[in-house]
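Let me begin by presenting the structure, written as structure tokens, before commenting on it.
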Amino acid sequence: MKILLAISEVHPFSKTGGLADMAGALGKALAHAGHEVRIVTPLYRGIREKFPAMRRVEWQFNLPLGAKWEQGNLWALELEKGLTVYFIEHPGFFDRPGIYQENNISYADNAARFIFFSKCVAQLARYSPWRPDVVHVHDWQSALVPVLMLHQKRAEGWGNPPPTCLTIHNLAYQGIFPAGAFALTNLPAEFFTPDGAEFYKQLNCLKAGIVFADAITTVSPRYAREITTESLGCGLDDRLRQRRKQLFGILNGVDYGEWNTTKNSFLPHAYTVTRLAGKAANKLALQKELGLPQRKDAPLFGTISRLAEQKGVDIELGALEEMLSSDIQFILLGSGSSVFERGYQKLAKRFPDKVAVRVGYDEGLAHRIEAACDFYLMPSQFEPCGLNQMYSLRYGTVPVVRATGGLDDSVIDFTQDTMRANGIKFQEYSARALAKGIRKALAIYGQPELFRRFRQNAMRADFSWEQTVGEYLRAYDAAKVFSAGQDSQTAGRVP
Ligand code: ADP
């Protein structure tokens, strides 16, 4: 199958979160399964210098963007057999210090930037001699692609365009812009209605994708159910309920080629489930690196996160406040809201022997924290999938998570299965409930046999992408069936 993946960030070229990890890993896994994959993404600042093997493709974009015309170039890098990444070059839009924002402020022209990107994707899908069998778009930044393609089919005679699939990585980010931004799509007004791209008189890019994509996936089965409810539907639950038959929850996999404890240049000491001495050595090394007392016996907790409300940082600060009177250590790596950054930094100042905080983004340190800690805290308010709890499992770092979205789908609590338990879950969104989870962790830590079992179960859990690929192929099939069904209805999808 020929699959075109359109996504606004791809590891190792650009990354702000799990979206980038998923794009790179899904592309690789599909290619390993024998499919032909092309990923298309913007050419952000610095990528070309880091990947000099990239070559310019003879292809020029010249596309209307409202009343103006915008030009772009195309670059390509073959990553491995069956997997090529296309980069859209438009220096005005993408050669900037940030991907979506700078100093916590979104770029004012994000609508223009990503509508242009979406138009480039639709054009590639239509005119590239390599004709994709499916176009798979991700999140609001490329969610307009299905409607752009539908319009080209209806009004411009694009016979038989490939079916489209939209993956929602986080429903909370919808790409909502003032109504005037709709003009940048150059679509007819009939698409800007409450049954189309309009959301309370504004343009909502993700909603357009939900209405017009042939199939929709999200990144865990539980989150797929949650987003059809009013409490987690972010105002789009009714639209998602309408598309329930084409909505699939597929848990993200982990790229174990990157996230492993045996062949990993970020880790000072390798270890395996049967040889855990390296894990203890990593703990001592990280305590030293971050200026904490080197104590083998002190239970070490960690978090690596965007510091946003979604991630439960407020209840984490509350729970730590309560729990730091116990003999524990805690390490945080994160960046985001300055209020939260300051909150953690204050905690580190008050408890210099117990708390180490690093504000910033550091891939190597993220691996070292996962490898060194005994427990990983992830108390998210909501969590579409979450990757760090799965990385923690593989690194033998027992996750303490709130039972929501992908966290609930990937962690097994003692109350669910005493023999297979690999983590601790709590339900209520409160500092007290998290503190109770931490107390349970300490109780388990105090029983070496039990702790060993949790750790072994964790390290043996398997979230490899190979298992996940089949589920995406089923979603692509569903997209094909839905699109064919739409064709057979004379009216088609009326927006
Ligand atoms: P989200 O996509 O909502 O941010 P995920 O858990 O799905 O959350 O993915 C987060 C990814 O970003 C993980 O790979 C995590 O290790 C990484 N990450 C987050 N913050 C940092 C940071 N400050 N430094 C390094 N990696 C980080």
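When a ligand or atom number is given, it counts from 1 through the structure's own listing order.
- Within 6.0 Å of the CZ atom in Arg432, the count of heavy atoms belonging to other residues, nucleotides or ligands does not exceed 12.
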Taking a 3.5 Å cut-off between nitrogen or oxygen atoms, can you list every pair linking ligand 1 to the protein, with distances?
unit_1   : atom_1 : unit_2 : atom_2 : d
ligand 1 : 2 (O)  : Gly18  : N      : 2.6
ligand 1 : 3 (O)  : Arg306 : NH2    : 2.8
ligand 1 : 3 (O)  : Lys311 : NZ     : 2.8
ligand 1 : 4 (O)  : Arg306 : NE     : 2.8
ligand 1 : 6 (O)  : Leu387 : N      : 3.0
ligand 1 : 8 (O)  : Lys311 : NZ     : 3.0
ligand 1 : 9 (O)  : Gly18  : N      : 3.2
ligand 1 : 14 (O) : Lys15  : NZ     : 2.9
ligand 1 : 14 (O) : Asp21  : OD2    : 2.8
ligand 1 : 16 (O) : Asn388 : OD1    : 3.2
ligand 1 : 23 (N) : Gly360 : O      : 2.7
ligand 1 : 24 (N) : Asp362 : N      : 3.0

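- Salt bridge absent: Asp374 and Lys279 never bring a charged side-chain N and a carboxylate O closer than 4.0 Å.
- Of the charged side-chain nitrogens involved, at least one lies within less than 4.0 Å of a carboxylate oxygen, so that Glu89 and Arg48 count as a salt-bridged pair.
- Legend: ring-ring contact (aromatic ring centres under 6.0 Å, His included) pairs involving residues 335-367, not counting sequence neighbours, sorted by first then second residue: Trp259-His367, Phe266-His367.
- Using a 4.0 Å cut-off between a side-chain N of Lys or Arg and a carboxylate O of Asp or Glu, Arg96 and Glu102 do not qualify as a salt bridge.
- A salt bridge links Arg350 with Glu321: at least one charged nitrogen is closer than 4.0 Å to a carboxylate oxygen.
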